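Here's the structure we're looking at; comments come further down.
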Number of protein chains: 4
Amino acid sequence: MSKVQNNKQHKKDSLLNNAFTLFTEKGLNKTTISDIAEKAGVAKGTFYLYFKDKYDIRNRLIANKSAELFSRAYMDLLTEKPDAGFEEGLLYIADHILNELNENKTLLAFLHKDLSWSAFKKSFEEATVIDDNSLEVYIRKLFEKSSIRFRDPETMIFLIIELIGSAGYSSIIYGEPCPLEELKPDLMKSIQCIIDGFRLPAA
Amino acid sequence: MSKVQNNKQHKKDSLLNNAFTLFTEKGLNKTTISDIAEKAGVAKGTFYLYFKDKYDIRNRLIANKSAELFSRAYMDLLTEKPDAGFEEGLLYIADHILNELNENKTLLAFLHKDLSWSAFKKSFEEATVIDDNSLEVYIRKLFEKSSIRFRDPETMIFLIIELIGSAGYSSIIYGEPCPLEELKPDLMKSIQCIIDGFRLPAA
Amino acid sequence: MSKVQNNKQHKKDSLLNNAFTLFTEKGLNKTTISDIAEKAGVAKGTFYLYFKDKYDIRNRLIANKSAELFSRAYMDLLTEKPDAGFEEGLLYIADHILNELNENKTLLAFLHKDLSWSAFKKSFEEATVIDDNSLEVYIRKLFEKSSIRFRDPETMIFLIIELIGSAGYSSIIYGEPCPLEELKPDLMKSIQCIIDGFRLPAA
Amino acid sequence: MSKVQNNKQHKKDSLLNNAFTLFTEKGLNKTTISDIAEKAGVAKGTFYLYFKDKYDIRNRLIANKSAELFSRAYMDLLTEKPDAGFEEGLLYIADHILNELNENKTLLAFLHKDLSWSAFKKSFEEATVIDDNSLEVYIRKLFEKSSIRFRDPETMIFLIIELIGSAGYSSIIYGEPCPLEELKPDLMKSIQCIIDGFRLPAA
DNA sequence: TATGAATGAGATTTCATTCAT
DNA sequence: AATGAATGAAATCTCATTCAT
């Protein structure tokens with residue numbers, strides 16, 4: 001990569017990182033383009049070379065962060081439980097994501113309820129962090145390991161992600177209806193129940 | 001209520017209604033106090049006689065609309081299925097809410113993912129529409145009819161509401177992963193599974 | 001007029017006057033809304049209560065100033081030469097305008113070549129300075145005094161105004177092809193010739 | 001011309017042509033250096049290798065376009081009416097220019113009222129399109145053919161050009177006070193009258 | 001010569017809030 | 001209680017110009 005190209009990527013990354021910090025610290029509305037540019041150490045006009053406006057940079061951040069989150073969970077699964085079956089793998093990923101969000105509340109607050117199925121799909125389509133993999137590939141890999149078959153697996157995963165994102169947010173951020181540690185057994189059990197509901201009789 | 005009092009309530013309602021319309025049409029950020037006052041046919045200064053700022057009026061709207069939504073579902077249950085058991089009643093309410101949101105997409109877009117357990121709780125605390133009832137009363141009434149007992153019923157309802165709100169939003173607004181009509185059987189089935197997971201063995 | 005109304009007119013006038021000063025001193029491009037507001041002693045936002053943008057205030061100024069210029073010439077004619085015939089009156093007005101522009105070069109530079117027939121027409125339509133008179137009324141009055149009849153008098157006046165505005169500008173501002181004093185005899189003579197060319201044979 | 005020289009001229013021409021298009025399409029103020037460079041297919045910095053700023057390129061365009069306009073009229077006169085007398089030649093040129101402006105309204109809108117005596121003079125001084133001729137040469141040639149003599153011919157031509165430019169603009173662009181077709185007889189007649197007013201008694 | 005990323009001053013515009021009437 | 005003119009801080013965004021490559 002040429003020096004110029006390198007420098008460009010550097011500036012863009014700096015804008016993204018500092019925007020994320022500000023969004024999580026002050027919120028989207030209270031963060032101004034000026035804030036972002038200043039913190040990133042670039043001129044205000046430079047921001048507009050890379051992003052259309054505040055919402056543009058936010059969307060790219062959501063895509064990046066969502067993809068990274070899911071990707072980390074999957075990578076960990078491969079490392080820690082390379083032999084896990086499908087159901088076990090799915091529960092491992094759900095648990096991993098919940099734990100990470102619990103430890104990284106600012107990330108959760110930022111992703112808010114955009115942490116959803118469609119966000120994941122979009123994130124895998126747009127994210128530059130993962131180049132040669134798509135959500136479909138991830139899921140297919142998970143399925144390939146499974147001898148059990150499921151009715152409409154995509155819908156199943158959708159429901160699980162929505163439930164994790166939504167219930168996790170409420171529990172972690174507001175402690176409603178109870179802290180995550182208390183909620184988790186019921187939440188995981190419910191996920192288990194949902195999976196069971198989608199299981200097809202063995203062929 | 002005196003004529004003056006009446007007039008005041010009239011202005012406040014007009015502000016609330018027109019704010020709701022604008023929020024759903026243009027979004028919160030793009031709606032200004034001026035817009036709201038103008039559409040409501042009052043002067044800008046008048047807005048501040050009734051609400052603190054834009055976020056104040058939004059919160060009151062969320063509370064009102066959420067409470068109305070849940071209240072209508074419950075009222076309908078009492079009318080249509082006065083003898084429904086607990087589980088049946090819960091499923092009826094879930095279905096009712098989903099249908100109403102599907103038919104009233106602007107309401108759904110406004111409530112967004114604020115359609116959650118905590119919002120319901122808050123809405124019942126703050127809402128002026130329902131004066132002498134609380135969420136607890138509603139739920140207790142539902143439970144009283146039931147002979148079956150549940151482990152941690154509040155968490156159960158929480159999970160169901162989160163799932164409905166989150167999955168319903170994605171499906172109705174974005175058609176992701178599929179339209180509501182297609183999703184509903186799986187969604188209702190999953191709710192059923194969650195309920196089952198919380199059921200205690202008959203005493 | 002109420003105190004508020006009075007104050008409003010005051011602010012608007014102040015904006016108009018100070019904008020005119022700045023436009024003539026620094027030119028349209030170099031004058032900013034901030035400049036105008038500051039010089040007028042009002043807040044920047046106040047500018048936008050009265051004018052859409054810089055071009056809006058400029059157009060109103062052109063209309064006002066054009067109308068005032070023509071109006072002063074006509075008033076002077078009535079005072080100085082109440083018995084002048086049509087041709088004499090027209091030449092008097094032409095001469096009067098030329099002299100005023102020559103003495104008020106900033107006005108001329110501002111009106112530039114917008115000092116034209118259509119500007120006059122517009123100015124009489126829009127200008128608030130002259131309330132109950134229109135260009136047509138002025139011209140009709142001039143004509144009424146005349147026993148001579150003209151082919152297409154409106155076109156005649158149009159050509160004369162265009163010639164005065166255009167040639168006058170060049171001569172006064174650039175001294176091209178010669179200063180006004182030198183040009184005037186030929187210019188007035190040419191106007192005279194144009195008038196003669198429009199004269200109809202006596203009925 | 002070397003290949004490099006050729007390439008340079010090519011870039012300069014491209015900048016000029018595309019600037020002209022943009023000026024006529026969007027106006028001077030709304031056209032940016034970026035726009036021009038982009039449309040011309042060169043980098044922004046390259047613009048500054050050829051022109052000082054936006055006003056520099058505009059002035060060169062006015063000079064070029066004015067000179068071309070007048071030149072075409074004269075060339076046509078030589079071809080179509082090689083034996084025309086002075087008065088006839090002048091009227092022919094006036095008519096030719098009016099027709100061309102009428103057919104090429106964007107050119108007229110661009111030249112606006114810069115279509116004037118001084119612009120013509122400047123254009124002949126600066127224009128690169130006509131290398132070995134000057135306005136004076138043109139006019140002298142016209143005059144040489146004439147046996148009639150005129151008082152102050154330069155002023156005469158000045159007045160005619162101003163009248164054509166100013167009245168033509170109003171008529172062609174705004175249709176004020178009437179379309180060119182309607183205006184032309186009166187306009188040409190007035191020019192004729194002006195010429196007559198400058199004619200000296202035959203020696 | 002040519003490029004185009006970077007600059008950053010500054011222009012335009014918005015809008016929540018106040019306060020005199 | 002109601003008004004709406006006025007404010008002015010602050011936000012967004014532009015763009016001519018420079019300069020390292």
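Below, chains carry the letters A, B, ... as their sequence lines are ordered, and counting in each starts from 1. Here the structure is a predicted model, which means the values were calculated and not measured.
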Inset, instruction - Give the dot-bracket string for DNA chain F, reading 5' to 3', where a pair is Watson-Crick or G-U wobble with both distances under 3.5 Å, ( ) marks pairs inside the strand, [ ] marks pairs crossing earlier ones, | marks a partner on another strand, and . marks unpaired. - result: .||||||||||||||||||||
Inset, instruction - Kindly point out which of F:dT3, E:dG4, E:dT7 is positioned nearest to the side chain of D:Ala43? - result: E:dG4
Legend entry - Nucleotide nearest B:Asn7 when distance is taken to its side chain, options E:dT1, F:dA2, E:dA5: F:dA2
Legend entry - Donor-acceptor pair, side chain of B:Thr24 and main chain of B:Thr21, under 3.5 angstrom: yes
Inset, instruction - Answer yes or no: is there a donor N or O on one side and an acceptor on the other, between the side chain of B:Thr46 and the main chain of B:Val42, under 3.5 Å? - result: no
Atom-pair distance ([atom1] on [X]; [atom2] on [N]), nearest Å:
X	N	atom1	atom2	answer
C:Lys26	E:dG10	NZ	P	11 Å
D:Ile36	F:dC15	CD1	C1'	12 Å
B:Asp35	E:dT14	CG	P	11 Å
C:Glu38	E:dA11	CD	P	11 Å
A:Tyr55	F:dT12	OH	P	8 Å

Inset, instruction - For C:Glu25, look at atom CD and say whether over 12 heavy atoms of other residues, nucleotides or ligands are found less than 6.0 Å away. - result: yes
Inset, instruction - For A:Tyr50, answer base if it contacts any base atom (sugar-phosphate contacts may also be present), sugar-phosphate if it contacts only those atoms, and nothing otherwise; contact means non-hydrogen atoms under 4.0 Å. - result: sugar-phosphate
Legend entry - Residue that, paired with B:Asn64, satisfies side-chain contact (heavy atoms from CB on, under 4.5 Å) out of B:Leu16, B:Asn59, B:Leu69: B:Leu16
Inset, instruction - Would you please classify the geometry between the D:Phe110 ring and the D:Phe23 ring as parallel, tilted or perpendicular, with 30° and 60° separating the classes? - result: parallel
Just the table, please: protein N/O against nucleotides 15-17 of chain E N/O, every pair under 3.5 Å.
from, atom 1, to, atom 2, distance (Å)
E:dA16, OP2, B:Ile33, N, 2.9
E:dT17, OP2, B:Tyr48, OH, 3.4

Inset, instruction - Look at D:Asp56 together with D:Arg60 and state whether they make a salt bridge at an N to O cut-off of under 4.0 Å. - result: yes
Legend entry - For D:Asp13, the option from D:His10, D:Gln9, D:Lys11 that meets side chain to side chain donor-acceptor pair (under 3.5 Å): D:Gln9
Legend entry - Member of C:Thr32, C:Asp35, C:Thr31 meeting the side chain to side chain donor-acceptor pair (under 3.5 Å) criterion with C:Lys26: C:Asp35
Inset, instruction - Select from A:Val42 and D:Lys11 the residue whose nearest nucleotide in DNA chain E is closer to the 5' end of that strand. - result: D:Lys11
Inset, instruction - Answer yes or no for D:Lys65 and D:Phe20: cation-pi contact, defined as NZ/CZ to six-membered ring centre under 6.0 Å and angle to ring axis within 45°. - result: yes
